[in-house]
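So the structure is just underneath, and the comments pick up after that.
Throughout, protein chains are lettered first and strands after them, A, B, ... in sequence-line order, and every chain is numbered starting at 1. As the structure is a computational prediction, the values presented were derived from the model and not from experiment.
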Number of protein chains: 2
Amino acid sequence: MEFKEAKNKFVQSWGALGSQWGINKTMAQIHALLMVSNEPVSMEDIMEELQISRGNTSMNLKALMDWGIVYKEYKSGERREFFTAEKDLDELAVKISRERSKREIKPALKILKEVSTIEAKDSAEEKHFVDQTSKLYDFVLKADNMLDKITEFNENWLGRLVLKIMK
Amino acid sequence: MEFKEAKNKFVQSWGALGSQWGINKTMAQIHALLMVSNEPVSMEDIMEELQISRGNTSMNLKALMDWGIVYKEYKSGERREFFTAEKDLDELAVKISRERSKREIKPALKILKEVSTIEAKDSAEEKHFVDQTSKLYDFVLKADNMLDKITEFNENWLGRLVLKIMK
DNA sequence: ACAAACTTTCATTTATTTTTGAAAGTTTAA
DNA sequence: TTAAACTTTCAAAAATAAATGAAAGTTTGT
């Protein structure tokens, strides 16, 4: 396989994969493109490479910056803005899990807390509901904390030890 | 909040959350409904509760059974089929991660392997591409294994110890 | 302060995904 | 073997999500 072909394959596949994970295709593609670029890329170049409109590019770059995984860069003597992706994968994982936790897990916990604390009358049906949603609340909370700790400790000796034990 | 209201809120919210994670709304809603039902539910009842068509119900039940998180049940003397959800959350987590790994992570690894093993010519651009995709391959592989181990050991003492250390 | 060079926004269009429902298929009891 | 009672399939319709592009907004050098 040739370089251009490989690059294209990577970008396209990353886009498709992103969709499956609830991330829009263009956002994933732009991220993929920046990840494998060894130097900052201008908006024009992104538009050109991915064959997408200016508006789409702009919106998705903004979203990526909101997630904290893409940065703006300024080149001296250049009016245009350039973009780079966070390339440290541990850092990337931390930022993605923080963001998903904030956007998706926290709201889920809020709902679970609300519905699991209704006053359960004596019917078996209601008891089961409260029991099951309470368990779910505990479980999601535990999972969320675990993800937090894993990413947090990922780099240091304790994390490495844990990884070793787990393997 | 009253029981019916709480149940409805849970089912609706779970559906919305599912969408964000790339799981279709109805599939997530049916799963939610079955999770909090203390006894098997017929297709008719699911259709009625969620106000969805027979075809939709059938397809999504099939998908949930393919994931291994919903089971068919037969009641003696009843012609109809009934459905229940896996209610053990550890078991649920194991099945969901297995399935997502199989469907999404494994294919991603395949692509990463392919594109990271192209012959890098001497340009800095190509070297960076190979370097970055190789790192990504290693990282995703590591993460996939970790998820595997976490779910696998979740119930036993080692898992508990690790959780404790991490907290 | 101006205008050139750029970026962002958002109403509209387009593409994708999900849902419907009628027809086809299946199972079971008599 | 038949037909009633159910489930599944899939082409078409509906709903949802994403992309476009022109207009509005912003920044920067002179």
Side-chain angles (χ1 to χ4, degrees), chain A residues 11-34 40-67 70-84 100 103-104, chain B residues 11-34 40-67 70-84 100 103-104:
Chain A
V11 171
Q12 293 304 321
S13 308
W14 218 241
L17 198 74
S19 307
Q20 285 193 291
W21 278 92
I23 287 151
N24 95 44
K25 193 182 70 177
T26 305
M27 186 169 157
Q29 286 182 341
I30 294 176
H31 185 244
L33 182 64
L34 295 179
V41 184
S42 72
M43 209 162 104
E44 291 294 335
D45 289 344
I46 295 171
M47 289 167 60
E48 169 63 25
E49 283 232 44
L50 302 180
Q51 288 293 304
I52 54 174
S53 72
R54 190 173 291 287
N56 195 8
T57 311
S58 170
M59 299 275 268
N60 282 297
L61 278 170
K62 187 172 183 304
L64 286 163
M65 289 187 291
D66 288 346
W67 279 60
V70 159
Y71 312 110
K72 242 183 207 169
E73 284 201 9
Y74 299 94
K75 283 193 186 174
S76 54
E78 277 271 15
R79 184 75 159 263
R80 296 177 294 170
E81 296 174 346
F82 290 83
F83 301 89
T84 24
R100 294 215 95 155
R103 289 170 198 241
E104 291 146 25
Chain B
V11 170
Q12 294 304 320
S13 308
W14 217 242
L17 197 73
S19 308
Q20 285 192 292
W21 277 91
I23 288 152
N24 96 43
K25 192 182 71 179
T26 305
M27 185 168 158
Q29 285 182 342
I30 294 176
H31 184 244
L33 182 63
L34 296 179
V41 184
S42 71
M43 211 164 105
E44 291 295 334
D45 289 346
I46 295 171
M47 288 167 60
E48 169 62 26
E49 283 231 43
L50 302 180
Q51 287 295 302
I52 55 176
S53 72
R54 189 173 291 285
N56 196 7
T57 311
S58 171
M59 300 273 269
N60 282 296
L61 278 170
K62 187 173 184 304
L64 285 163
M65 288 187 290
D66 287 347
W67 279 60
V70 160
Y71 312 111
K72 243 183 206 169
E73 284 200 10
Y74 299 94
K75 283 193 186 174
S76 53
E78 277 273 15
R79 184 76 158 264
R80 295 178 295 171
E81 296 173 346
F82 290 83
F83 301 89
T84 23
R100 294 215 95 157
R103 289 170 199 242
E104 292 146 25

query = How long is the span from the CZ atom in A:Phe83 to the CG atom in A:Leu61, to the nearest 0.5 Å?
reply = 4.5 Å

query = Is B:Arg100 close enough and on-axis enough to B:Trp67, meaning under 6.0 Å and within 45°, for cation-pi?
reply = no

Phosphate contact (C:dT8 OP1 or OP2) by A:Lys72 side-chain N/O below 4.0 Å = yes

Atom pair distance, as rounded to whole Å: [atom1] in [X] and [atom2] in [N]:
X	N	atom1	atom2	value
B:Lys62	D:dC6	NZ	C1'	17 Å
A:Lys25	C:dT17	NZ	C1'	13 Å
A:Tyr74	D:dG29	OH	C1'	16 Å
B:Leu64	C:dT18	CG	P	13 Å
B:Gln51	C:dT19	CD	C1'	14 Å
B:Met59	D:dC10	CE	P	8 Å
A:Asn60	D:dG21	CG	C1'	15 Å
A:Arg80	C:dC6	CZ	C1'	10 Å

request  = Check the side chains of A:Trp14 and A:Gln29 for a donor-acceptor pair under 3.5 angstrom, ignoring hydrogens and angles.
outcome  = no

query = A:Asn56 near the nucleic acid: base, sugar-phosphate alone, or nothing, with a heavy-atom cut-off under 4.0 Å?
reply = base

query = Contact class for B:Thr26 vs. all strands (heavy atom < 4.0 Å): base, sugar-phosphate, or nothing?
reply = sugar-phosphate

A:Thr57 (side chain) donor-acceptor with A:Ser53 (main chain) under 3.5 angstrom = yes

task = Please answer whether the main-chain N or O of A:Asn56 pairs with a side-chain N or O of A:Asn60 as donor and acceptor at a distance below 3.5 Å.
result = yes

ask   = Nearest to the side chain of A:Asn24, which nucleotide is it out of D:dT7, C:dG21, D:dA18?
value = D:dA18

Listed nucleotide nearest any side-chain atom of B:Glu81, set C:dT19, D:dT20, D:dT7 = D:dT7

Residue whose closest nucleotide on DNA chain D lies nearer the 5' end, A:Ile52 versus B:Arg54 = B:Arg54

ask   = More 5' along DNA chain C: B:Thr57 or A:Leu61, using each one's nearest nucleotide?
value = A:Leu61

